[in-house]
Amino acid sequence: MSAKVLLLLQQLILICTGQTLRDCSDSNTVCLQGGPKGKEDYVGNVMVGGSPVCDDGWNIVDANVVCRELGLTKAKKFFRKSKFGNTSSTFRMDEVNCNGTEQRLIDCKHLSKDNCNGGEAAGVECYTTYYQEILNNTCFEGDLAYSDGDSEAEIPNIESAAACQHLCQVSHTCTDFTYDLITRICFLKTKKTKYFAKDTISGPKFCKMKTTTRDCNSTGVVCLMQGDFPDEGNVYLGGRPVCDDSWDYRDAKVVCRELGYPDIFKPFTGSHFGSVKDNFAMDNVECKGTETSLKLCKHSTTDDCGTAEGAGVKCFNGTIIDIPQYCHSPNRICLVGGSGNHEGNVYYQGKPVCDDGWTIANARIVCKSLGFKEAEQATRGSDFGLVPSDFSDTSFHCQGNEENLQSCGLIRVEENCKFNRYKGAGVICINGAFISSTLPTVVLVVTLIILLVFGLLVFFYFNRIHRRLAPITNDTQELKRIVSQNYRKLSSDYM
């Protein structure tokens with residue numbers, strides 16, 4: 001059972017009692033600020049302990065952690081640049097880099113020092129669905145405890161109800177557990193004497209596996225078990241677990257495809273969704289990623305695995321990101337997922353580009369190829385949302401002075417990048433100001449034409465003036481000649 005059950009049940013208490021468990025002044029607590037009226041609970045700038053979170057590196061994965069911490073399912077959008085109003089310049093976190101499995105935003109990798117200002121706060125918009133469906137299906141119960149007299153052990157400083165259940169699972173005598181949300185004490189129980197106890201969570205040593213329309217015990221049938229959703233869980237083949245030795249994105253991709261999901265979200269190892277039995281069906285699975293069934297992948301039928309080595313997967317149960325059809329054209333570059341046409345994950349011929357070796361030089365050529373003046377940043381880690389798992393077979397190595405991306409050197413994509421949806425390369429082009437790559441030539445030609453036309457107009461204008469003045473000039477010369485003759489005649493007469 002996932003550790004996020006703790007957060008889910010906390011939200012159940014909040015919903016049922018009308019009380020809030022969030023103390024926004026607590027140094028580690030996430031809250032939202034500045035959202036539209038009536039939407040403050042799921043839209044706004046992200047605050048931790050009353051201080052903003054900087055938007056450097058902020059992406060949809062980080063936003064998902066925030067929304068889950070708030071008791072909501074996931075993020076609908078992520079925002080940068082203080083979308084919901086400028087904040088103070090005293091930031092709690094910078095360069096946040098979540099892997100997507102954290103219970104709290106503060107648990108994500110981040111820097112405590114920053115170089116941000118009040119216009120650089122991170123923001124989110126969460127989907128408004130609470131975990132009601134999960135709560136209806138989990139084997140945990142809220143506000144319920146087992147009698148203290150039945151305790152086998154009391155273990156302090158346990159982080160979640162799921163962690164408490166795991167301690168029960170490794171104990172030989174524990175049959176049930178109670179977890180205190182306030183004191184964070186885990187009580188391991190041997191009997192089921194129930195009573196009402198606010199702010200507690202209780203459950204059995206093992207949750208029963210969810211029922212499914214698939215005959216999971218039939219030979220060769222793949223099922224996911226022990227997850228909170230049907231699209232996640234430890235992987236079973238014919239009712240027996242699969243060992244996590246060599247388990248990676250390619251293997252998980254085959255499982256999700258076989259189960260009818262459009263893509264993979266993430267593979268897991270270490271019996272992530274709960275301990276498994278040690279009667280493994282497969283070990284050292286080595287799929288190519290193109291197989292139609294897990295049983296067709298190369299594997300070993302003998303194993304050296306234990307109950308904490310079950311392979312797992314979270315499949316993608318949503319709509320695959322829509323890549324415009326024109327992006328699939330030969331040598332076409334597109335940016336997808338950004339807040340405008342100046343930023344996004346990079347797609348080459350309709351497929352995402354791997355971020356291995358991705359540099360500012362690469363980003364500069366991408367922006368130049370798209371008609372922008374310069375690159376502001378080269379991003380990695382699918383910064384603008386998870387990309388599809390069908391990566392381009394090649395990546396690029398640019399020097400920064402090439403005319404286009406096709407002029408850069410090619411790099412064969414390594415195996416660790418294929419199918420890993422967190423490995424998308426991206427760019428932010430400078431200022432988002434579009435400058436056509438043909439604009440300088442066009443401006444020069446237009447300028448020369450304008451100067452030529454202007455010069456001709458000036459020439460014809462002065463030529464016309466000259467023609468009009470010519471008769472006057474001739475008449476003036478004739479008048480001077482007549483006056484001069486008459487003057488000389490008069491002078492001779494008087495002489």
Side-chain angles (χ1 to χ4, degrees), residues 1-14 16-17 21 23 26-29 68-69 71 101-104 106-107 131 134-210 225-228 232-234 241 243-244 268-280 305-312:
M1 180 62 61
S2 170
K4 61 189 177 186
V5 173
L6 168 61
L7 299 172
L8 313 184
L9 289 171
Q10 284 181 321
Q11 280 296 332
L12 180 63
I13 295 171
L14 185 154
C16 294
T17 64
L21 299 176
D23 179 5
D26 181 85
S27 61
N28 295 329
T29 298
R68 286 201 305 271
E69 183 173 352
T101 63
E102 296 86 353
Q103 298 179 54
R104 306 177 304 170
I106 197 67
D107 296 329
Y131 279 107
I134 300 175
L135 293 170
N136 290 337
N137 290 316
T138 181
C139 69
F140 290 7
E141 297 182 82
D143 292 345
L144 173 73
Y146 299 125
S147 173
D148 290 341
D150 301 328
S151 293
E152 176 204 28
E154 298 180 12
I155 307 171
N157 299 320
I158 302 304
E159 64 179 9
S160 68
C164 185
Q165 185 195 41
H166 181 71
L167 291 175
C168 183
Q169 291 171 353
V170 297
S171 168
H172 292 294
T173 56
C174 178
T175 60
D176 300 272
F177 72 92
T178 294
Y179 179 70
D180 192 308
L181 292 168
I182 306 301
T183 65
R184 300 174 65 193
I185 295 177
C186 174
F187 299 90
L188 303 185
K189 306 290 184 173
T190 57
K191 294 181 181 179
K192 287 188 177 181
T193 306
K194 297 180 180 181
Y195 69 97
F196 174 81
K198 187 173 175 59
D199 297 329
T200 61
I201 299 173
S202 296
K205 185 171 187 173
F206 291 101
C207 291
K208 292 182 179 180
M209 295 181 182
K210 292 181 166 85
M225 301 182 181
Q226 299 166 271
D228 292 328
E232 67 179 16
N234 292 322
C243 185
D244 64 5
F268 292 96
T269 58
S271 296
H272 181 82
F273 298 96
S275 296
V276 299
K277 294 182 180 180
D278 59 2
N279 59 335
F280 289 88
C305 309
T307 59
E309 296 180 79

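Only this structure's heavy atoms are used, side chains among them; waters, hydrogens and symmetry mates stay out. Since we're looking at a predicted model, the values are computed, not measured.
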request  = Could you verify whether a donor N or O on one side chain and an acceptor N or O on the other, from Thr173 and Thr190, lie under 3.5 Å apart?
outcome  = no

task = Return the set of residues passing side chain to side chain contact (heavy atoms under 4.5 Å, CB included) with Thr269 (not counting sequence neighbours), or none when no residue passes.
result = Asp244, Trp247

query = Counting N and O atoms only, with roles assigned by atom type, does the side chain of Asn234 sit under 3.5 Å from a partner on the main chain of Gly274, one being a donor and the other an acceptor?
reply = yes

If you compare all heavy atoms of [X] against all heavy atoms of [Y], which two are closest, and at what distance to 0.1 Å?
X      : Y      : value
Lys277 : Thr307 : C-CG2, 4.3 Å
Ser275 : Gln226 : O-NE2, 3.0 Å
Cys168 : Phe177 : CB-CB, 4.3 Å
Cys243 : Ala311 : O-CB, 3.8 Å
Gly310 : Ser271 : N-OG, 2.8 Å
Leu188 : Cys174 : CB-SG, 3.9 Å

Rounded distance (nearest 0.5 Å) linking atom CD of Glu154 with atom OG1 of Thr178 = 10.5 Å

inquiry  = Using 0.5 Å steps for rounding, measure from the SG atom of Cys186 to the OH atom of Tyr179.
reply    = 8.5 Å

message = List the residues meeting salt bridge (Lys or Arg N to Asp or Glu O under 4.0 Å) with Asp278, not counting sequence neighbours, and say none if there are none.
response = none

request  = Compute the ring centroids of Phe273 and Phe268, then answer whether they are less than 6.0 Å apart.
outcome  = yes

